[in-house]
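To start, the structure under review is shown below, and the notes come after it.
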Amino acid sequence: MHELPASALANVDGDSTDVRVQVLTNAGALDRDRTWVLLTKAPEGGWGLHGVAHMNAELVTAARAEIAALQAAAAKRDPQN
């Protein structure tokens, strides 16, 4: 995930509340006639992981902790970067 400042992305009207989603696949993996993308906003507390409902702030905290752990592990494997 790449966090950008709110001003980095905007629609034609200058509104920067949109979310940009980019999906990369190998060439030919997706077929335009059979590919659908559905984005649904879950209500606060509507996320369930391992049988437990979580609030958005809990998920953000957990995701950031996981990213930090992955970055620390990568730095440990390659201390030059």
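Predicted model, so just to flag it, every value in this text is computed and none were measured. These values consider heavy atoms only, across backbone and side chains, with no hydrogens, waters or symmetry-generated copies.
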Those residues that, when tested against D15, pass side chain to side chain donor-acceptor pair (under 3.5 Å) (two or more places apart): T17
Gap separating the CD atom of Q71 from the NZ atom of K76, nearest 0.5 angstrom: 15.5 Å
T35: partners by side chain to side chain contact (heavy atoms under 4.5 Å, CB included), with sequence neighbours left out: L30
With sequence neighbours excluded, residues passing side chain to side chain contact (heavy atoms under 4.5 Å, CB included) with A68: none
With H54, the side chain to side chain contact (heavy atoms under 4.5 Å, CB included) member among L59, V60, T61: L59
Residues which pass salt bridge (Lys or Arg N to Asp or Glu O under 4.0 Å) with D31, listed by chain and number, not counting sequence neighbours: R34
